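This one's a predicted model, so the numbers in the text were calculated from it and none came from an experiment. Proteins get letters first, then strands, A, B, ... in listed order; numbering begins at 1 in each.
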Protein chains: 2
Amino acid sequence: MEEKVMNIGVVRELTGLSERQIRYYEERKLIFPERTKGGVRKYSFEDVKRIQEIHQKLQDGFRTLELKKKPFVGQQVRLSGNGG
Amino acid sequence: MEEKVMNIGVVRELTGLSERQIRYYEERKLIFPERTKGGVRKYSFEDVKRIQEIHQKLQDGFRTLELKKKPFVGQQVRLSGNGG
DNA sequence: CGTGTAAGGAATTCTGACACG
DNA sequence: CGTGTAAGGAATTCTGACACG
């Protein structure tokens, strides 16, 4: 399931998210789709799973930057309070 | 692996065959990709496997029509001789 | 910050046809 | 029969920007 074979349109359908959201997660370095020569993004089923987890975390109040590296282990849920 | 998620371009790369060949196998009713609203074909990993088997059979001298229904069981290799 | 959207361009795919042996 | 190719159109995706709260 590591093969990067899907266009963003398929990922959109599988996840129910928008292309904007999917591209944004990449911009934040949370997912790493491949590209065709022409620049078209290609995703794997693993990516799809990851995208859904990211979205879930965002729902839980995380910010994308907090999801980098090992994003889904040993983290505390934070619904408010930005420190700062 | 039944999910129809790949464009023909990806199938081309995975199989090494041409788009022409891939579309032709569909024309001969040997594979059944889905379609997006816009008419773009979508293939599964199963389809990819099937396509490779079809191609192999053609190499072995079969004709596409002979590959229909249960194409890969109980068949004799035929390298020449078309009856008739 | 995370997401929506309109804009224009580019990559990808589609169909139907002609060609070959 | 199985496959290549040039042709024109259509669907899909891309980037950069403005907007909102």
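- Per the geometry, CD belonging to B/E26 stands 15 Å off P belonging to D/dG2, to the nearest Å.
- Under the 4.5 Å side-chain contact rule for hydrophobic residues, A/Y25 and A/F32 do not share a cluster.
- Looking at residues two or more places apart in sequence or on another chain, you find no side chain to side chain donor-acceptor pair (under 3.5 Å) involving A/R20.
- With respect to A/I31, the side chain to side chain contact (heavy atoms under 4.5 Å, CB included) criterion is satisfied by exactly one of A/R23, A/R50, A/R41: A/R50.
- The existence of a salt bridge linking A/E26 and A/R35 is confirmed by a sub-4.0 Å separation between a basic side-chain nitrogen and an acidic carboxylate oxygen.
- Here C/dG2 presents its P atom at 14 Å from CG of A/D60, a figure rounded to the nearest Å.
- Where DNA chain D pairs in unbroken runs of 3 or more (Watson-Crick or G-U, both distances under 3.5 Å), the stems are C:1-5 with D:17-21, C:17-21 with D:1-5.
- Among the nucleotides C/dT13, C/dG4, D/dT12, the one closest to any side-chain atom of B/T36 is D/dT12.
- Partners of A/E3 under the side chain to side chain donor-acceptor pair (under 3.5 Å) rule, at least two apart in sequence or in another chain, do not exist in this structure.
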Quick tally for nucleotides 14-21 of chain C: nucleotides whose base has a protein heavy atom under 4.0 Å get B, sugar-phosphate-only ones S, the rest -, giving SB-B----

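- Place B/Q21 and A/V10 on DNA chain D by their nearest nucleotides, and B/Q21 ends up nearer the 5' end.
- Distances shown here put every side-chain N or O of A/Y24 at or beyond 4.0 Å from the OP1 or OP2 atom of C/dT3.
- Computed from coordinates, the B/Q59 CD to D/dG2 P distance equals 12 Å when rounded to whole Å.
- Of the side-chain N and O atoms in B/N7, one or more sit less than 4.0 angstrom from OP1 or OP2 of C/dT13.
- For the pair A/L58 CG and C/dT3 C1', the computed distance is 11 Å after rounding to whole Å.
- Taking the salt bridge (charged side-chain N to carboxylate O under 4.0 Å, His left out) definition, one finds that B/E34 meets it with nothing, sequence neighbours left out.
- As a whole-Å value, the separation of A/R12 CZ from C/dT3 C1' is 15 Å.
- Electrostatic pairing of B/K49 and B/E46 counts as a salt bridge here, judged by a charged N lying under 4.0 Å from a carboxylate O.
- Of the side-chain N and O atoms in B/Y25, one or more sit less than 4.0 angstrom from OP1 or OP2 of D/dT3.
- A donor-acceptor pair is defined here as one N or O able to donate and one able to accept, closer than 3.5 Å; no such pair exists between the side chain of A/D60 and the backbone of A/K57.
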Which donor-acceptor pairs under 3.5 Å do side chains of residues 6-15 of chain B form with protein atoms, sequence neighbours excluded?
from: B/N7; atom 1: OD1; to: B/K42; atom 2: NZ; distance (Å): 2.4
from: B/R12; atom 1: NE; to: B/E19; atom 2: OE2; distance (Å): 3.2
from: B/T15; atom 1: OG1; to: B/V11; atom 2: O; distance (Å): 2.7
from: B/T15; atom 1: OG1; to: B/L17; atom 2: N; distance (Å): 3.1

